[in-house]
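Worksheet: one structure, shown below.
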Amino acid sequence: MSARVQKLGNVLIPVDDLDKALTFYGEVLGLTVKFRDGDRFAALDAGGVTIALAAPAEQVAGAVTAPSYKVGDLAGTVAELTAAGAELVSGPEAGPHESRAVLRDPSGNVLVLYSPL
């Protein structure tokens, strides 16, 4: 099996209001904003791990917190993981910044795989 994660890209956290979430995670928790995409998405530095705040328009994994893993071959990795017991929830599909797929592991936990465009 050659499915290999290149890195934990981020932890996706669904939020209802990006501005309120940025106040909480940025000002209250003290995380530094790395990137913001309008009212859809923001990435914050949590000491080497990226916390990704996803507003409703960008909640690819639904309203659940999910790890997001960078992979080199998205379609190949999805095929290998589904053959090993994962369930494909959606994708692979192109998003605004990457191609991605949402899966459930054999225990039902949601994870996102992505590859840069």
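- In this structure, the side chain to side chain contact (heavy atoms under 4.5 Å, CB included) partners of T65, at least two apart in sequence or on a different chain, are V11, I13, P14.
- Minimum heavy-atom separation, A54 to Q59: O-NE2, 3.0 Å.
- Annotation: ring-ring contact (aromatic ring centres under 6.0 Å, His included) contacts of F24 (sequence neighbours excluded): none.
- The backbone N or O of R104 sits nowhere less than 3.5 Å from a side-chain atom of E87 that would complete a donor-acceptor pair.
- With D73 contributing its side chain and G76 its backbone, the two residues share a donor-acceptor pair below 3.5 Å.
- The ring pair (Phe, Tyr, Trp, His ring centres under 6.0 Å) pairs that include a residue from residues 52-86 number zero, where partners must be two or more places apart or lie in different chains.
- The list of side-chain hydrogen bond (donor to acceptor under 3.5 Å, both in side chains) pairs with a residue in residues 9-25, not counting sequence neighbours, reads D19-R36.
- Screening residues 44-53 for side-chain hydrogen bond (donor to acceptor under 3.5 Å, both in side chains), with sequence neighbours left out, gives K34-T50.
- When all heavy atoms of L31 and A46 are compared, the closest pair comes out as CD2-CA, 3.8 Å.
- From L12, atom CG reaches atom OG of S68 across 5.0 Å, with rounding to the nearest 0.5 Å.
- Without hydrogens or angle criteria, E58 side chain to L53 main chain gives no donor-acceptor distance under 3.5 Å.
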Acceptor/donor pairs from residues 107-117 side chains to any protein atom, 3.5 angstrom cut, sequence neighbours excluded:
residue, atom, partner, partner atom, Å
N109, ND2, D105, OD1, 3.4
N109, ND2, D105, OD2, 3.1
S115, OG, V71, O, 3.4

